[in-house]
A.B. asks: 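Take this structure first; my questions come after.
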Amino acid sequence: MQNKSDLRDIWGDYKCYKNIKIYPVLMKDIDTFYNKSYSIMIDKEGFSASFNDPTILTMSYFDFYNSLVCMAVNEDGDKLLPNGLEDLFSVLKIALREQDFSIATDLKTGRPVIFVSVENNKVMTIRGMEFDKIREIILKQNNMYIDQPKNLHPEVKKSMEKAIEYFAKKQKGKMATLEEQIATYSVATKTPIEEIKKMTIYQFDFNINRMSWMMECFKIWSMSASGMIPIEDIPNCLQHIPKTNKYDEILISGSELNKFKEIS
């Protein structure tokens with residue numbers, strides 16, 4: 001039996017958690033979202049390793065981030081994240097749209113909570129790990145979720161981050177800017193800029209990736225007509241393209257590793 005497809009991301013539909021509607025970010029809001037999204041993307045595990053503090057791992061991301069906003073200061077005593085809560089509020093405002101919400105402190109526990117007004121005049125209370133589930137939905141539906149390798153030694157993780165930084169610098173200038181991608185998509189598909197603004201980030205990313213793949217296929221098909229490429233190597237423009245994340249450029253699979261062993 002075929003697995004049921006979840007098409008909500010490609011349709012641009014919202015997802016629900018505890019009756020709260022979580023909307024995908026529209027392209028018109030991409031600037032604000034990207035500039036403020038650091039508030040939901042700080043590497044909690046990396047902080048734990050850097051400060052050799054395993055208790056950070058037991059905290060929810062919500063509690064960890066709020067502690068960071070309140071306590072992280074530089075040598076002069078200035079806060080490192082002076083707009084931390086405001087920026088988190090901006091991200092949630094984009095994701096929750098018409099739903100009113102507020103961030104407060106639970107007087108009993110001293111921990112932060114979020115109150116969200118939903119349908120039928122109900123107010124949902126979001127704490128610690130509940131916020132983490134909302135955060136994961138926001139990251140996934142906007143193509144920002146990174147599936148990180150678990151239980152890495154701090155030194156191994158540091159080396160991996162350096163390798164990722166190296167590859168990012170190497171690719172700098174080769175990849176089109178967001179502005180160039182928008183212009184290219186508009187010209188290639190004859191989609192007006194105003195219509196692109198109404199697309200979600202996920203829809204735009206997915207569509208432009210498929211468009212790039214189809215253009216690559218067309219190029220290879222034209223080359224195959226001259227016999228330069230064997231028939232079995234000719235790609236199908238409808239074939240599945242696996243999702244990737246930042247670790248894919250530096251990680252190697254077991255089968256690929258075995259090939260190197262065979263050569264040596």
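This chain uses plain numbering: 1 for the first residue, then up along the sequence.
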A.B. asks: Any heavy-atom pair between the side chains of Ser117 and Val123 that's under 4.5 Å?
C.D. replies: yes
A.B. asks: Locate the shortest heavy-atom distance separating Lys44 from Ile56; write the atom from each residue and the value.
C.D. replies: CG-CG2, 3.5 Å
A.B. asks: Just checking, is any N or O donor in the side chain of Tyr61 or Glu136 under 3.5 Å from an acceptor N or O on the other one?
C.D. replies: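 There is no such pair (donor and acceptor under 3.5 Å, judged by atom type) between the side chains of Tyr61 and Glu136.
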A.B. asks: Out of curiosity, Tyr185 OH to Phe204 CZ, how far, rounded to the nearest 0.5 Å?
C.D. replies: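 Output value for this atom pair is 7.5 Å.
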A.B. asks: Is the backbone N or O of Ile182 less than 3.5 Å from a side-chain atom of Ser186, with the two atoms forming a donor-acceptor pair by type?
C.D. replies: no
A.B. asks: Is there a donor-acceptor contact under 3.5 Å from the side chain of Gln99 to the main chain of Val118?
C.D. replies: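 Here the side-chain-to-backbone pair does not exist.
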A.B. asks: Given side chains that start at C-beta, do those of Leu96 and Tyr23 come closer than 4.5 Å, heavy atoms only?
C.D. replies: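 A side-chain contact is absent here, since even the closest heavy-atom pair is not under 4.5 Å.
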A.B. asks: Looking at residues at least two apart in the chain, or sitting in another chain, which of them share a salt bridge (Lys or Arg N to Asp or Glu O under 4.0 Å) with Glu119?
C.D. replies: Lys21
A.B. asks: Could you check whether any side-chain N or O of Ser48 sits under 3.5 Å from a backbone N or O of Asp53, counting only pairs where one atom can act as donor and the other as acceptor?
C.D. replies: yes
A.B. asks: Please determine whether the number of non-hydrogen atoms from other residues, nucleotides or ligands lying under 6.0 Å from atom NZ of Lys133 exceeds 12.
C.D. replies: no
A.B. asks: Taking salt bridge (Lys or Arg N to Asp or Glu O under 4.0 Å) as the definition, give me every residue that meets it alongside Asp9, ordered by chain and number, with sequence neighbours left out.
C.D. replies: Lys15
A.B. asks: Strictly below 4.0 Å, N to O, side chains only: are Glu194 and Lys197 in salt-bridge contact?
C.D. replies: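 A salt bridge links Glu194 with Lys197.
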A.B. asks: Would you name the heavy atoms of Leu178 and Met27 that are closest together and state the gap between them?
C.D. replies: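 Answer, listing the atom of Leu178 first, then Met27: CD1-CE, 4.3 Å.
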A.B. asks: How many angstroms lie between CE in Met59 and CE in Met129, if you round to the nearest 0.5 Å?
C.D. replies: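 Answer rounded to 0.5 Å: 9.5 Å.
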A.B. asks: Test of understanding: with salt bridge (Lys or Arg N to Asp or Glu O under 4.0 Å), list the residues that count as partners of Arg127, not counting sequence neighbours.
C.D. replies: Asp106
A.B. asks: Between Leu92 and Ile40, is a side chain to side chain contact (heavy atoms under 4.5 Å, CB included) present by the stated rule, with each step listed?
C.D. replies: CA-CA 10 Å; Leu92 291 176; Ile40 56 172; over 6 Å; no
A.B. asks: Taking everything shown except Tyr14 itself, do over 12 heavy atoms lie less than 6.0 Å from its OH?
C.D. replies: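 Not buried by this count: 12 neighbours or fewer within 6.0 Å.
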A.B. asks: Working to the nearest 0.5 angstrom, can you tell me the gap between Asn207 CG and Ile196 CD1?
C.D. replies: 10.0 Å
A.B. asks: Got Ile10 and Thr200 here, is their nearest side-chain heavy-atom distance under 4.5 Å?
C.D. replies: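 Heavy-atom side-chain distance check fails, nothing below 4.5 Å.
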A.B. asks: So Ile126 and Ile20, side chain to side chain contact (heavy atoms under 4.5 Å, CB included) or not? Walk me through it.
C.D. replies: CA-CA 10 Å; Ile126 300 298; Ile20 299 169; 3.6 Å; yes
A.B. asks: Quick one: closest heavy-atom pair of Cys70 and Lys79, and the distance?
C.D. replies: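 Residues Cys70 and Lys79, closest heavy atoms: O-CE, 3.8 Å.
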A.B. asks: If hydrophobic clusters are built by linking Ile, Leu, Val, Met, Phe, Trp and Tyr wherever their side-chain heavy atoms come under 4.5 Å apart, do Tyr202 and Ile208 end up in the same one?
C.D. replies: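 Cluster IDs for Tyr202 and Ile208 differ.
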A.B. asks: Quick check: do Val116 and Asn19 have side-chain heavy atoms less than 4.5 Å from each other?
C.D. replies: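 They are not in side-chain contact.
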A.B. asks: Taking Met41 as the starting point, is it possible to reach Ile137 by hopping between hydrophobic residues whose side chains are less than 4.5 Å apart?
C.D. replies: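 As far as the 4.5 Å side-chain criterion goes, Met41 and Ile137 are connected within one cluster.
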A.B. asks: Same hydrophobic cluster for Ile22 and Trp11, using side-chain heavy-atom links shorter than 4.5 Å among ILVMFWY?
C.D. replies: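 Shared cluster, no.
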A.B. asks: Name all residues meeting the ring pair (Phe, Tyr, Trp, His ring centres under 6.0 Å) criterion together with Phe131; count only those two or more places apart in sequence or in a different chain, and write none if there are none.
C.D. replies: Phe62
A.B. asks: Using a 3.5 Å distance criterion without hydrogens, assess whether the side chain of Asn142 forms a donor-acceptor pair with backbone atoms of Val25.
C.D. replies: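 The answer is yes, because a donor-acceptor pair under 3.5 Å joins these two groups.
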A.B. asks: Distance check, rounded to the nearest 0.5 Å: Glu195 atom CD versus Lys190 atom NZ?
C.D. replies: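 Glu195 CD to Lys190 NZ: 15.5 Å, rounded to 0.5 Å.
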A.B. asks: Sorted by first residue and then second, give each salt bridge (charged side-chain N to carboxylate O under 4.0 Å, His left out) pair with at least one member in residues 200-217; sequence neighbours left out.
C.D. replies: Glu216-Lys219
A.B. asks: Kindly check if the number of other-residue, nucleotide or ligand heavy atoms within 6.0 Å of CE (Met214) is above 12?
C.D. replies: no
A.B. asks: Hey, does Phe206 have a side-chain heavy atom less than 4.5 Å from the side chain of Asn143?
C.D. replies: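 The answer is no, as the side chains (C-beta and beyond) never meet within the 4.5 Å cut-off.
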A.B. asks: Tell me yes or no: between the side chains of Ser60 and Asp63, is some donor less than 3.5 Å from an acceptor?
C.D. replies: yes
A.B. asks: Same hydrophobic cluster for Phe89 and Ile30, using side-chain heavy-atom links shorter than 4.5 Å among ILVMFWY?
C.D. replies: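 Per the 4.5 Å side-chain linkage, Phe89 and Ile30 are co-clustered.
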A.B. asks: Once you round to the nearest 0.5 Å, how far does CZ of Phe33 lie from OG of Ser90?
C.D. replies: 11.5 Å
A.B. asks: Please determine whether a side-chain nitrogen of the Lys or Arg among Asp87 and Lys36 lies less than 4.0 Å from a carboxylate oxygen of the Asp or Glu.
C.D. replies: yes
A.B. asks: If the condition is side-chain contact (heavy atoms from CB on, under 4.5 Å), which residues does Asp76 pass it with, not counting sequence neighbours?
C.D. replies: Asn74, Asp78
A.B. asks: If I compare all heavy atoms of Ser39 with all of Gly84, which pair ends up nearest, and what's the gap?
C.D. replies: CB-O, 4.5 Å
A.B. asks: Tell me whether the count of non-hydrogen atoms from other residues, nucleotides or ligands lying under 6.0 Å of CD in Glu98 goes above 12.
C.D. replies: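 Above 12, so yes.
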A.B. asks: Heavy atoms, side chains only, cut-off 4.5 Å: are Tyr34 and Ile201 in contact?
C.D. replies: yes
A.B. asks: Consider only side-chain heavy atoms of I, L, V, M, F, W and Y, link residues closer than 4.5 Å, and tell whether Leu68 and Val73 are in one cluster.
C.D. replies: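 Leu68 and Val73: separate clusters.
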A.B. asks: When rounded to the nearest 0.5 angstrom, what is the spacing between OG1 in Thr55 and CZ in Phe64?
C.D. replies: 10.5 Å
A.B. asks: Can you find a heavy atom in the side chain of Gln181 that is under 4.5 Å from one in the side chain of Thr184?
C.D. replies: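 No; the side chains remain at least 4.5 Å from each other.
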A.B. asks: Are more than 12 heavy atoms from other residues, nucleotides or ligands located less than 6.0 Å from atom CE of Met211?
C.D. replies: yes
A.B. asks: Surrounding CG of Leu7 (heavy atoms of other residues, nucleotides or ligands, distance under 6.0 Å), is the total greater than 12?
C.D. replies: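 Above 12, so yes.
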